[in-house]
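Take a look at the structure set out below.
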There are 2 protein chains.
Amino acid sequence: MAKNKNTEQKIFDAATELFVEKGVDRTSVRDIASKAGINLALMNYYFRSKENLFDAIFTNLVQKNTKDLIQILDSDLALPEKIRKYVSAYIDILIDNPLLVSFFMAILHRSREKITEMEVVSNLYGREIFTQQIIEEGKKGNIRKTDPSHFFVDMISMITFPFAIKPLIKHKNELSEEEFNAFIEERKTTIPEMLLKTLQPCE
Amino acid sequence: MAKNKNTEQKIFDAATELFVEKGVDRTSVRDIASKAGINLALMNYYFRSKENLFDAIFTNLVQKNTKDLIQILDSDLALPEKIRKYVSAYIDILIDNPLLVSFFMAILHRSREKITEMEVVSNLYGREIFTQQIIEEGKKGNIRKTDPSHFFVDMISMITFPFAIKPLIKHKNELSEEEFNAFIEERKTTIPEMLLKTLQPCE
DNA sequence: GTCTATACGGCGATAGAC
DNA sequence: GTCTATCGCCGTATAGAC
């Protein structure tokens with residue numbers, strides 16, 4: 001467990017990078033070994049199989065990237081502030097890891113059933129406190145009740161999806177990498193504005 | 001070209017189904033041949049390679065499914081009515097082909113550069129007339145100008161993304177297939193409402 | 001046009017020496 | 001723990017008979 005750490009980690013990191021960049025199916029164990037600077041057999045010594053390695057990487061990626069977000073949703077912040085923080089933090093994560101979204105989408109398509117069984121994925125959805133806050137806030141202003149399920153889906157859709165179609169957005173709007181990020185940066189204010197407006201009494 | 005049609009079409013249809021269902025990388029040419037009820041060699045006689053076959057299928061899929069949508073965007077309907085029709089038509093397409101979205105997302109991850117070069121994909125984004133309408137409508141009511149880029153991204157995000165995470169939504173809300181479709185059906189009214197609200201003077 | 005047969009290379013995985 | 005060598009398998013592509 002002492003010396004292992006280094007090699008095991010090297011394999012893990014190399015595989016993570018390749019999986020996210022090229023996709024799981026298009027990454028061979030030989031690629032991984034080569035990138036990690038070790039031998040093919042080592043890869044099977046530490047992780048019994050490629051699928052095993054993938055499971056470990058996927059779980060780790062989800063955990064690492066959703067921890068802060070869940071904390072925000074579960075905090076006792078007032079709803080407007082909470083939404084602004086959540087959107088901003090979420091977008092920051094995706095700016096730092098632009099391939100993460102399309103990787104997750106590819107995975108979702110690759111193994112539809114498997115993914116819902118993973119507790120770590122399931123956890124980021126439908127947090128109790130946040131759900132309650134939306135219901136409360138909606139009651140105040142609106143005749144029609146606000147459905148928290150739709151609200152949450154709207155929110156994560158508007159945050160996440162643009163990254164999935166990043167190449168299209170860049171191409172059609174003729175944006176550089178920096179300009180795309182600026183476009184996304186704007187959404188940190190437009191998305192919360194839009195969401196909060198739907199909760200307000202109006203017209 | 002007479003007798004071909006049948007066999008070529010059989011291959012094309014079998015491959016389409018498998019690609020969308022299992023993903024391109026996890027579909028073998030032997031799978032396709034088997035499903036089409038023909039021999040492996042035939043598959044190479046009609047389409048030079050798997051990648052070739054994929055290109056044909058992908059182009060066809062996009063064309064078939066975006067034709068009506070583009071027509072709506074380019075029509076002379078008033079904005080509210082246009083948005084309602086667009087959202088409804090788009091959702092109907094995705095209800096009929098629930099795997100389409102995650103398939104496209106997987107492809108986008110698989111070949112990022114290639115996809116923007118395909119005219120057929122590029123075409124569905126940023127239609128002139130629709131863009132103008134949003135600018136005009138936004139001027140009327142809002143102090144802050146409405147950015148049509150964000151508006152369009154918001155719209156397709158809210159329509160499309162829920163299908164990409166369909167397994168998660170079903171699982172967390174404990175929905176059957178019918179209940180999921182009902183949930184989505186509700187969005188035909190909630191999404192246009194939300195979008196139109198952002199264009200209105202308010203608060 | 002459709003078939004059988006097969007060459008070829010890359011894949012994931014393992015046995016066994018050190 | 002780390003390596004070399006190799007297994008059996010599968011996907012792609014082609015040659016050649018009918």
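Just the heavy atoms: all of them, side chains too, but no hydrogens, waters or symmetry mates, feed the values below. Numbered from 1 within each chain, the chains take letters A, B, ... in sequence-line order.
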The salt bridge (charged side-chain N to carboxylate O under 4.0 Å, His left out) partners of A:E186 (sequence neighbours excluded) come to none
Would one find a side-chain N or O of A:T7 under 4.0 angstrom from OP1 or OP2 of D:dT2? yes
Sequence neighbours excluded, the answer for side-chain hydrogen bond (donor to acceptor under 3.5 Å, both in side chains) partners of A:E17 is A:K35
From NZ of B:K50 across to C1' of C:dG10 the rounded distance in Å is 14 Å
A:Y45 OH to C:dA17 P, in whole Å, measures 17 Å
Note: contacts of residues 15-44 of chain B with DNA chain D (heavy atom, under 4.0 Å) are B:S28, B:V29, B:R30, B:L40, B:A41, B:N44
Here the distance between atom P of D:dT2 and atom CD of A:E8, to the nearest Å, is 10 Å
The ring pair (Phe, Tyr, Trp, His ring centres under 6.0 Å) partners of A:H150 (sequence neighbours excluded) come to B:F183
Hits for ring pair (Phe, Tyr, Trp, His ring centres under 6.0 Å) against A:F58, two or more places apart or cross-chain, chain-then-number order -> A:F54, A:F104
Between CD of A:Q9 and P of D:dG1 the distance, given in whole Å, is 15 Å
Measuring to OP1 and OP2 of D:dT2, would you say a side-chain N or O of A:Y46 lies under 4.0 angstrom away? yes
Sorted by chain and number, sequence neighbours left out, salt bridge (charged side-chain N to carboxylate O under 4.0 Å, His left out) with A:R26 holds for B:D25
Between CD of A:E51 and C1' of C:dA13 the distance, given in whole Å, is 14 Å
- Message: Whether A:E81 and A:R84 form a salt bridge (side-chain N of Lys/Arg under 4.0 Å from carboxylate O of Asp/Glu) is what I want to check.
- Response: yes
